[in-house]
Amino acid sequence: MQSIDKFNFAGKKAFVRVDFNVPLDENFNITDDTRMRAALPTLKKILGDGGSIIIGSHLGRPKGVTDKYSLKHILPHLSELLGVDVQFANDCVGEEAAVKAAALQPGEVLLLENLRFHAEEEGKPRGLAEDASDEEKKAAKAALKVSQKEFTKTLASYADCYVNDAFGTAHRAHASTALIAEYFDGDHKMFGYLMEKEVKAVERVLNDIKRPFTAIMGGSKVSTKIEIIENLLTKVDNLIIAGGMTYTFTKALGGKIGQSICEDDKLDLALDLIKKAKENGVNLVLATDAKIGDSFSNDANTQIVKVNEIPDGWEGLDIGPESEKAFAEVIKSSKTILWNGPTGVFEFDNFTHGSRAVGEAIAEATRNGAFSLVGGGDSVACVNKFGLADKVSYVSTGGGALLEAIEGKVLPGIAAIQK
Ligand code: AMP
């Protein structure tokens, strides 16, 4: 497999797929440029070698051309970050893009308009009537497949080599994240630096495990995390269950949970996961106490109670001090740690305590030599909020992509480069 570090981009044009899906406020100001900064090492390496770059990205989930999701909003900031006056093509395909890409000189950068303005990027037909028949759906899919091939070929035609640095979309088999790789031989396609780091971090928690290995799974619902939990049960020594899903487990075990969030149709599943943990010799750690509120609000009245004795009219909004201590002890004795999802409603300042305690225990374990990977939207927000991002080994930029990788799935964006 080609590596970006070894590749000499001098005189070459590189199509770089990045994930510049950054949050914008109502005036189109970027409110968090982490994703843009994360791609800089790759972009700077190419420019430093004397290459030129065609940047492809998506922004949001447009269903067609929408000013709100135009990448032109990020152009000034990208130019500033790169120290280069970045050019822009108002459409990622068509004459303007082709002419501008062809004219690129070493050191120059062209940003293409949002790839998802075209249905071909995702390969999902758009504009079908709700009552479309199966025949019509099939025909639309077939037609899109043909135009997707053209679209992909056009993107590939701009460049001599392809670099995928968009881990956040690596779980999608889209034109620019996977299909395009077919147009480049093994020497001319590669991961960018960010992607390399993400792939290595995931491999470390999946295949190069130093034990004990502890996963902390939080967040709101067990239903969105079942596959991951099942996969982790074959790998970890300790599985800490936290956040809203705690109460599905507590109720399944016969506890009183008041108004706490609960998935009543997942009670059997919770019991099944407990059984599987036992069978696999995994130490499943559940909260024993909870910080509860009398409404879903930062200003709710609070009390600390046993997790299975939550009175009616109250709901669990974070773990209690006893659970914090127990979780921290397990975390601090671990050598590999994966954290996904907060232990409570961390958006409310009065219910951040548990998540902070988990973050701090992970930071301490990391200081003592553990490898820690934090990933999946809200846990990243947590470590940022608590100023712990540089105290863990790796903070993943990928939400869904990271979770799917940990579920053990082969990610199309990764496979397309590796094969
Ligand atoms: P997820 O996207 O599944 O990782 O869930 C993250 C969300 O879970 C955050 O917005 C938290 O506020 C929410 N959450 C965590 N604990 C609880 C809880 N006890 N009750 C309700 N929501 C929770």
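One-based numbering, in listed order, for ligands and for the atoms of each. All residue numbers in this chain count up from 1 along the given sequence. None of these values were measured; they are calculated from a predicted model.
Within 6.0 Å of NZ in K409 there are more than 12 heavy atoms belonging to other residues, nucleotides or ligands.
Comment: K200 does not engage E196 in a salt bridge, judged by the lack of any side-chain N to carboxylate O separation of less than 4.0 angstrom. The pair K385-D349 counts as a salt bridge, with a side-chain nitrogen and a carboxylate oxygen less than 4.0 angstrom apart. Ion pairing between a basic and an acidic side chain is recognised when a charged N comes within 4.0 Å of a carboxylate O; E121 and R17 show such pairing.
Protein neighbours of ligand 1 below 4.0 Å, counting non-hydrogen atoms: G219, S220, K225, G243, G244, Y247, I261, F296, G316, L317, G344, V345, E347, D378.
Scored by the side chain to side chain donor-acceptor pair (under 3.5 Å) test, T214 finds N238, S334 as partners (sequence neighbours excluded).
Aromatic ring centres of F184 and F15: separated by at least 6.0 Å.
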